K.L.:
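Take a look at the following structure, please.
Each chain gets a letter, A, B and so on, in the order its sequence line appears, and its residues count up from 1. All of these numbers come straight from a predicted model, not from anything done at the bench. Atoms considered below: every heavy atom in the structure, side chains included; atoms not considered: hydrogens, waters and symmetry mates.
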Amino acid sequence: MNLEALLAGRLAAAFAAVAGETVDPVVRQSQHADFQSGAALALARRLGRPPREVAAEVADKSDLAGLASVEVSGPGFLNLAVDDAVLATAVDALDDDRLGVPPVARPERIVIDYSGPNAAKELQVGHLRSTIIGDALARLHAWLGHEVIRRNHLGDWGTQFGMLIEHMVDLGGDAAEHSLGDLTDFYRAARRKFDADDRFRTRSRLRVVALQSGDELTRSLWRRLVGQTESTFMDTYARLGVTLTPADFVGESFYQDQLESVLSELDEKGLLVESEGALCVFPAGFTGRDGEPLPLIVRKSDGGFGYAATDLAALRHRVRTLGATRLLYVVGAPQRTHFRMVFEVCRRAGWLPPEVTAEHIEFGSILGADGKMFRTRSGDNVTLAALLDEAVERASSPAVGIGAIKYADLSGDRRSDYVFDWDRMLASTGNTGPYLQYAYARIRSIFRQADAAEAGPVSLGAPAERRLALALLGFEPAVTAAAAHREPHRLAVYLHELAVAFTGFYESCPILRSAGPTRASRLTLADRTARTLAIGLSLLGIDLPEEM
RNA sequence: GCGCUCGUAGCUCAGCGGAUAGAGCAACGGACUUCUAAUCCGUCGGUCGCAGGUUCGAAUCCUGCCGGGCGCGCCA
């Protein structure tokens, strides 16, 4: 149920009659009424007539019978008050698992690239936002009826693997296996040797060559290393409630045998330019430090392929082979220029046809209390595993602790940086995970004391009941807006508003202590709130405890 | 230097072309023999960085300036 769309549809005819052309009534929520339309103000100028006069004529010609009442207000707004009976019936109808939201008419095949940690390392706080935001977007779009293909673009290839594999060889089979249990230590030990020992460095370089040329022993060690880290990633994803599966792990290594053809196709299109020994594409409109054209380096001067080549291959593969109609890259804002260049090059290469859209879903950084990048006191990166441990400890509940972290991340505009603050995110009041979970837990408590079958038709008496009904009907616009803008916080903020409306209702309208039709109606309102919170938070990837 | 981005209440943030700019925290004052008070109600608090411009109307769009962040060739 989308009241805004319903009202806009009715008003559109009146606007068209007055304007002589199609006018978007821009129906929105308002403090002055249930909804308002400000379209008459803009229209009045075009018609050269007084705004209030235009608004009055639109109101007069509007057929809102059985839906709402309208009046002209202020400089020329149309204030809309939805009939109580309409609200009540609409809330009654929210009893299915989609809350009346139909699947999209034209499903797209959307590849969402998110998380993307480096194999042989642990998941860090630096991966948190991509993982959480990407997963929320995946859930949202899938729920709306799109075909979502998740892609975890692991850093599982590159020169550092020579060093790591050589270190495995040095340790020998069992010791290596054991050592991989702590990847941070394993990586550091390899790094130390690499920095200190010339001979080890030489062996590492040779090992890279062996890996690239497909040496069987080297490959099997590499597979073990990557496999081990993938399983630790899965452990953390499971704790975080992230929907990535091993089948979604398609790392950089997957594209290695496609890089030569990326190069040759670019060459055929005449896009490839040699510069300082490297093979580059110079997309128009990108300049560097001295105003000189900025290159996207496809093949480095040493003959190796860089990350840009892999990104190009991945994009081409996702469109050409996977058949994606939309590509979402959930990657931090600092890589904006890089992605703009990649997209531009792919457009010119014909890999990104006009009907396919590629979007960089950028996000800001997580800051510590000092306003700088979030780190441990000693300046190290914080591992996700440690962060989750602390969350569970502080909240003494996995659902609450981890939900708090995720909600804190998803409740603000993703483009903004935010300060990581345990006290604020775990607060039981305010725009927080625990506040929403608490509202839900209170409803569950009610239904442990009442039979769900007692719920009956909604009738709206008290102002708080009406406010809650209106809030419940705001779900569809919120979900739609969150998906359209790829901004999960639009849904999060809505859910908080719903919880606030519910709490107000809960405080002023006794449910179990009421009787008859009132009790039946209030139980339905509570039930619909619980459903909406449950579905809404599930779309954000946040669990709801039955009790708190 | 060039480019991108952000600057809203003491703090953390919504709002991003419409009516007196909204929440939460903090501060202060109230509400628990009452369905979970992990809550609620009230008060206090803002020249929406500054200056111009466009517009009937600007926190919202444009330009300049100030301040913060990020990016600018072989790392991803």
Side-chain angles (χ1 to χ4, degrees), chain A residues 26 28 30-32 36-42 44-45 50-51 73-77 79 116 118 153 155 158-160 252 275-280 282 285-302 304-311 331-338 340 362 364-365 367 371-373 395 400 408 411-413 415-419 421 423-432 434-435 437-439 441-450 489-490 492-493 496-497 500 503-504 506-514 519 522-523 526 547-548:
Chain A
V26 287
R28 298 199 177 157
S30 168
Q31 312 167 37
H32 306 278
Q36 70 172 34
S37 164
L41 290 157
R45 177 162 164 68
S73 172
F77 288 98
N79 280 358
N118 291 317
H153 194 73
T159 51
Q160 76 273 22
E252 296 176 320
S275 171
E276 298 175 30
L279 295 175
C280 312
F282 289 89
F286 296 89
T287 51
R289 209 173 286 277
D290 303 314
E292 288 173 24
L294 203 57
L296 189 69
I297 297 175
V298 185
R299 203 185 71 183
K300 301 182 287 182
S301 55
D302 67 1
F305 290 102
Y307 58 88
T310 310
D311 282 339
V331 181
Q335 290 188 43
R336 178 183 316 168
T337 307
H338 169 68
R340 276 169 46 183
E362 57 186 42
S365 304
L367 273 25
K372 296 179 179 168
M373 297 291 277
V400 175
S411 58
D413 187 314
R415 275 163 284 254
S416 310
D417 296 346
Y418 75 89
V419 176
D421 182 335
D423 291 338
R424 190 156 11 90
M425 68 176 70
L426 286 167
S428 53
T429 187
N431 189 12
T432 67
Y435 180 84
Q437 290 170 326
Y438 182 59
R442 285 170 131 183
I443 300 173
R444 298 309 303 156
S445 172
I446 285 172
F447 281 99
R448 281 192 293 274
Q449 297 164 70
H489 84 282
R490 289 173 187 262
V493 167
H496 176 247
E497 285 169 1
V500 169
T503 308
Y506 182 89
E507 296 281 340
S508 64
C509 301
I511 300 167
L512 296 176
R513 287 188 286 108
S514 61
R519 176 181 164 105
R522 289 177 177 176
L523 281 169
E547 294 177 59
M548 280 177 80

K.L.:
Would you mind classifying the nucleic acid contact of A/Gln36 as base, sugar-phosphate or nothing, using non-hydrogen atoms under 4.0 angstrom?
P.N.:
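Base, at least one base atom sits under 4.0 Å.
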K.L.:
Compute whether any side-chain donor of one residue and acceptor of the other, for A/Ser445 and A/Gln449, lie under 3.5 angstrom apart.
P.N.:
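Side-chain D/A pair, A/Ser445 to A/Gln449: present.
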K.L.:
Considering only B/G71, B/A38, B/G73, which nucleotide approaches the side chain of A/Ser428 most closely?
P.N.:
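My answer, after comparing the listed nucleotides, is B/A38.
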K.L.:
OP1, OP2 of B/A37 versus side-chain N and O of A/Arg442: anything below 4.0 Å?
P.N.:
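Yes.
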K.L.:
Does A/Leu41 reach a base, just sugar-phosphate, or nothing at all? Heavy atoms under 4.0 Å.
P.N.:
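Base, at least one base atom sits under 4.0 Å.
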K.L.:
Taking a pair as Watson-Crick or G-U wobble with both distances under 3.5 Å, which nucleotide is matched to B/A59?
P.N.:
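Checking every strand shown, B/A59 finds no partner, since no pair has both distances under 3.5 Å.
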K.L.:
Considering Watson-Crick and G-U wobble pairs with both distances under 3.5 Å, what does B/A19 pair with?
P.N.:
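Pairing partner: none.
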K.L.:
What's the NE2-C1' distance between A/His496 and B/C25, to the nearest Å?
P.N.:
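Whole-Å distance recorded here is 12 Å.
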K.L.:
Whole angstrom is fine here: how far is it from CZ in A/Phe447 over to P in B/U36?
P.N.:
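Roughly 13 Å, once rounded to whole Å.
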K.L.:
Using only heavy-atom distances, decide whether a donor-acceptor pair under 3.5 angstrom links the side-chain of A/Thr337 to the base of B/G3.
P.N.:
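Between B/G3 and A/Thr337, which were checked side chain against base, a qualifying N/O pair under 3.5 Å is absent.
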K.L.:
Nearest whole angstrom, please: distance from the P of B/A19 to the CG of A/Asn79.
P.N.:
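After rounding, the reported distance stands at 12 Å.
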K.L.:
Given that both distances must come in under 3.5 Å, which nucleotide forms a Watson-Crick or G-U wobble pair with B/U47?
P.N.:
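Per the H-bond distance test, none.
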K.L.:
Name the residue closer to the 5' end of RNA chain B, choosing between A/Tyr506 and A/Ser30 according to the nucleotide with the nearest heavy atom.
P.N.:
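By nearest-heavy-atom nucleotide position, the 5'-most residue is A/Ser30.
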K.L.:
Is there a side-chain polar atom (N or O) of A/Thr503 under 4.0 Å from OP1 or OP2 of B/A38?
P.N.:
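Result: no.
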K.L.:
Only pairs with both distances under 3.5 Å count, Watson-Crick or wobble alike; so what is the partner of B/C40 in this structure?
P.N.:
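Check on B/C40: paired to B/G30, both distances under 3.5 Å.
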K.L.:
If I take atom CG in residue A/Leu523 and atom P in nucleotide B/C35, what distance separates them, rounded to the nearest angstrom?
P.N.:
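In whole Å, B/C35 P lies 15 Å from A/Leu523 CG.
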K.L.:
Is there a donor N/O on one and an acceptor N/O on the other, under 3.5 Å, for the side chain of A/Glu507 and the base of B/A31?
P.N.:
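Looking at the base of B/A31, it does not pair with any donor or acceptor on the side chain of A/Glu507 (distance under 3.5 Å).
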K.L.:
Determine whether a donor-acceptor pair (one donor, one acceptor, N or O, separation below 3.5 Å) exists between the side chain of A/Thr310 and the base of B/A76.
P.N.:
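Result: no qualifying N/O pair found.
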K.L.:
Figure out the CG/P separation between A/Asp417 and B/G7, and round it to whole Å.
P.N.:
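Between P of B/G7 and CG of A/Asp417: 11 Å.
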K.L.:
Base, sugar-phosphate, or nothing: which does A/Gly412 touch, judged by heavy atoms less than 4.0 Å apart?
P.N.:
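Sugar-phosphate, backbone atoms only, no base.
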K.L.:
When you check the glycosidic angle of B/C11, does it come out syn, meaning within 90° of 0, or anti?
P.N.:
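Base orientation relative to the sugar is anti.
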K.L.:
Does A/Thr429 make a side-chain N or O approach to OP1 or OP2 of B/C40 shorter than 4.0 Å?
P.N.:
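Yes.
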K.L.:
Counting side-chain heavy atoms from CB outward, which of B/G18, B/U39, B/C74 is closest to A/Glu276?
P.N.:
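It is B/C74.
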K.L.:
B/A38 base to A/Tyr438 side chain: any donor-acceptor pair below 3.5 Å?
P.N.:
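No.
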K.L.:
Taking atom P of B/G73 as reference, at what distance in whole Å does atom NE2 of A/His338 sit?
P.N.:
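Nearest whole value for this atom pair: 14 Å.
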K.L.:
In the strands shown, is B/G67 matched to any nucleotide by a Watson-Crick or G-U wobble pair with both distances under 3.5 Å, and which?
P.N.:
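Base partner found: B/C6.
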K.L.:
What interatomic distance, in whole Å, is found between C1' of B/G17 and the corresponding atom of B/G1?
P.N.:
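That atom pair is separated by 35 Å.
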K.L.:
Using a heavy-atom cut-off of 4.0 Å across all strands, would you classify A/Ala333 as base, sugar-phosphate, or nothing?
P.N.:
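If one applies the 4.0 Å heavy-atom cut-off, A/Ala333 turns out to touch nothing in the nucleic acid.
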K.L.:
What nucleotide, of B/U36, B/C75, B/A19, holds the atom closest to the side chain of A/Lys300?
P.N.:
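Nearest listed nucleotide: B/C75.
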K.L.:
For A/Phe77 and B/A19, do the ring centres fall under 5.5 Å apart while the planes stay under 30° apart?
P.N.:
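Here A/Phe77 meets both the 5.5 Å and the 30° conditions.
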K.L.:
How long is the line joining CD of A/Gln31 and C1' of B/A14, in whole Å?
P.N.:
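A/Gln31 atom CD is separated from B/A14 atom C1' by 13 Å.
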K.L.:
Could you tell me whether A/Phe286 contacts a base, only the sugar-phosphate backbone, or nothing, with contacts defined as non-hydrogen atoms closer than 4.0 Å?
P.N.:
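Nothing, no heavy atom under 4.0 Å.
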K.L.:
Looking only at side-chain N and O atoms, does A/Arg424 come under 4.0 Å of OP1 or OP2 in B/C11?
P.N.:
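No, no such contact exists.
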K.L.:
Given that A/Val419 and A/Gln449 both sit by RNA chain B, which one's nearest nucleotide is further toward the 5' end?
P.N.:
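Its nearest nucleotide being more 5', the pick is A/Val419.
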K.L.:
In terms of side-chain geometry, is the basic nitrogen of A/Glu362 or A/Arg340 positioned less than 4.0 Å from the acidic oxygen of its partner?
P.N.:
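A/Arg340 and A/Glu362: not salt-bridged.
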K.L.:
Quick one: look up who B/C72 pairs with, Watson-Crick or G-U, both distances under 3.5 Å, and put none if it's unpaired.
P.N.:
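The answer is B/G1, by the H-bond criterion.
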K.L.:
Rounding to a whole Å, what distance do you find between A/Gln335:CD and B/U5:P?
P.N.:
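The distance from CD of A/Gln335 to P of B/U5 comes to 17 Å, rounded to the nearest Å.
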